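Input: a single structure, listed below in structure tokens.
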Amino acid sequence: KGQSKPQVFGKVRNAEPFLVNTQTNIYQVHDFENYPSVSVSVVSVYDKGVLLTLHTAYTTLVDFLANQPPAGQFNTYNGYFRLHTAPTGQVTCDADSSIFLLGDVFNLIAVQAGYTLSSSDITTFNSFGEVGIYLTQEQSTSSLLDLLAQSVGAYWYFDTPTITRLKQLVAPASPTIFIEDYQIVDISREKTGAGSNGIPIY
């Protein structure tokens with residue numbers, strides 16, 4: 001009570017789950033309320049670094065609550081897992097989301113806020129591979145998008161009121177001009193298209 005529910009984006013390793021029922025030793029690593037269409041599986045559980053064995057992955061809450069796993073094993077259900085008894089040490093786990101590539105995860109978070117990442121950018125940034133974010137406290141949408149973008153040296157912006165774009169900062173293939181320090185009198189940076197004319201700020 002009084003805590004933010006944990007959230008898994010991508011593939012997360014060595015996460016510290018929340019103990020949500022001390023009587024039945026049930027832990028939660030992911031809350032499905034915000035993203036019900038995304039499945040997250042608890043693939044490994046460790047007690048003080050010792051790997052436990054998966055006993056049963058249940059598909060209904062009733063079965064999950066009704067069955068205690070054997071000693072040294074764990075049961076799972078939709079972002080929850082259950083131990084046989086109280087652990088001997090720190091409990092950690094690994095969890096995999098059905099959406100785990102950079103472009104897809106970026107779009108998932110953007111869609112939740114009412115925006116959509118350009119399909120071409122989804123494809124481009126999926127090529128960067130997997131990501132893993134484990135949230136245990138509230139965080140703004142923009143900070144999550146910043147985290148994903150900055151992980152590959154990229155930036156994001158609004159192309160239309162509902163479409164976001166994601167672009168990587170890369171060095172040009174070859175410079176077109178060289179400017180030496182002694183040739184620079186002054187240098188500054190300005191944002192173009194301040195918004196009043198409807199042009200996006202890049």
Side-chain angles (χ1 to χ4, degrees), residues 3-18 29-31 34-35 37-38 40 43-44 46 49 90 92-202:
Q3 300 183 72
S4 298
K5 294 181 179 180
Q7 201 82 47
V8 169
F9 294 100
K11 296 186 176 183
V12 172
R13 298 294 176 263
N14 201 38
E16 295 185 9
F18 286 73
V29 71
H30 179 75
D31 174 50
N34 291 329
Y35 304 90
S37 62
V38 181
V40 171
V43 294
S44 301
Y46 305 86
Q90 176 66 56
T92 57
C93 68
D94 302 334
D96 290 352
S97 170
S98 57
I99 293 180
F100 53 86
L101 296 178
L102 176 56
D104 289 331
V105 173
F106 190 100
N107 183 61
L108 175 70
I109 296 172
V111 167
Q112 180 67 12
Y115 307 102
T116 304
L117 180 63
S118 166
S119 58
S120 61
D121 292 346
I122 293 176
T123 301
T124 298
F125 281 85
N126 274 348
S127 66
F128 283 86
E130 303 170 359
V131 298
I133 298 176
Y134 182 49
L135 292 185
T136 58
Q137 58 186 3
E138 289 188 11
Q139 197 163 338
S140 67
T141 298
S142 60
S143 65
L144 284 175
L145 298 184
D146 286 343
L147 182 63
L148 289 168
Q150 292 168 7
S151 70
V152 291
Y155 63 97
W156 62 277
Y157 61 91
F158 291 105
D159 194 30
T160 71
T162 59
I163 300 295
T164 56
R165 299 301 305 271
L166 187 59
K167 299 295 179 183
Q168 188 183 32
L169 293 169
V170 295
S174 59
T176 56
I177 186 173
F178 288 95
I179 301 176
E180 303 294 341
D181 289 345
Y182 70 86
Q183 295 175 297
I184 301 174
V185 176
D186 184 41
I187 188 168
S188 63
R189 183 178 67 175
E190 295 182 359
K191 295 179 179 179
T192 60
S196 61
N197 57 1
I199 300 177
I201 298 175
Y202 296 150

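Worth knowing before you read on, the calculation uses all heavy atoms, side chains too, and leaves out hydrogens, waters and symmetry mates. This one's a predicted model, so the numbers in the text were calculated from it and none came from an experiment.
- Among all heavy-atom pairs drawn from Phe125 and Leu166, the shortest one is CE1-O, 3.0 Å.
- Every side chain to side chain donor-acceptor pair (under 3.5 Å) that Asp146 has, sequence neighbours left out, goes to Trp156.
- In this structure, Gln112 contributes its side chain and Ile109 its backbone to no donor-acceptor pair below 3.5 Å.
- Atoms CD and CD, from Gln139 and Gln7 in turn, are 11.5 Å apart once rounded to the nearest 0.5 Å.
- For the side-chain contact (heavy atoms from CB on, under 4.5 Å) criterion with Thr164, the lone passing option out of Asp121, Asn107, Asp159, Leu117 is Leu117.
- Of the possible polar contacts, one joining the Gln168 side chain to the Val152 backbone as a donor-acceptor pair under 3.5 Å is found.
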Kindly indicate, with the supporting measurements, whether the criterion ring-ring contact (aromatic ring centres under 6.0 Å, His included) is fulfilled by Phe9 and Tyr134.
CA-CA 6 Å; Phe9 294 100; Tyr134 182 49; over 10 Å; no
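- Between Tyr157 atom OH and Ile163 atom CD1 the span is 11.5 Å, to the nearest 0.5 Å.
- In this structure, CZ in Arg165 is found 13.5 Å from CZ in Phe158, a value given to the nearest 0.5 Å.
- The backbone N or O of Ala15 sits nowhere less than 3.5 Å from a side-chain atom of Asp94 that would complete a donor-acceptor pair.
- Taken to the nearest 0.5 Å, the CG atom of Asp96 stands 8.0 Å off from the CD atom of Glu130.
- Every side chain to side chain donor-acceptor pair (under 3.5 Å) that Ser140 has, sequence neighbours left out, goes to Ser142, Ser143.
- Atom OH of Tyr46 sits about 8.0 Å away from atom CG of Asn14, to the nearest 0.5 Å.
- One finds the OG atom of Ser37 at 6.0 Å from the CD1 atom of Ile99 (value rounded to the nearest 0.5 Å).
- For His30 (side chain) and Val40 (main-chain N/O), no donor-acceptor pair under 3.5 Å exists by modelled atom type.
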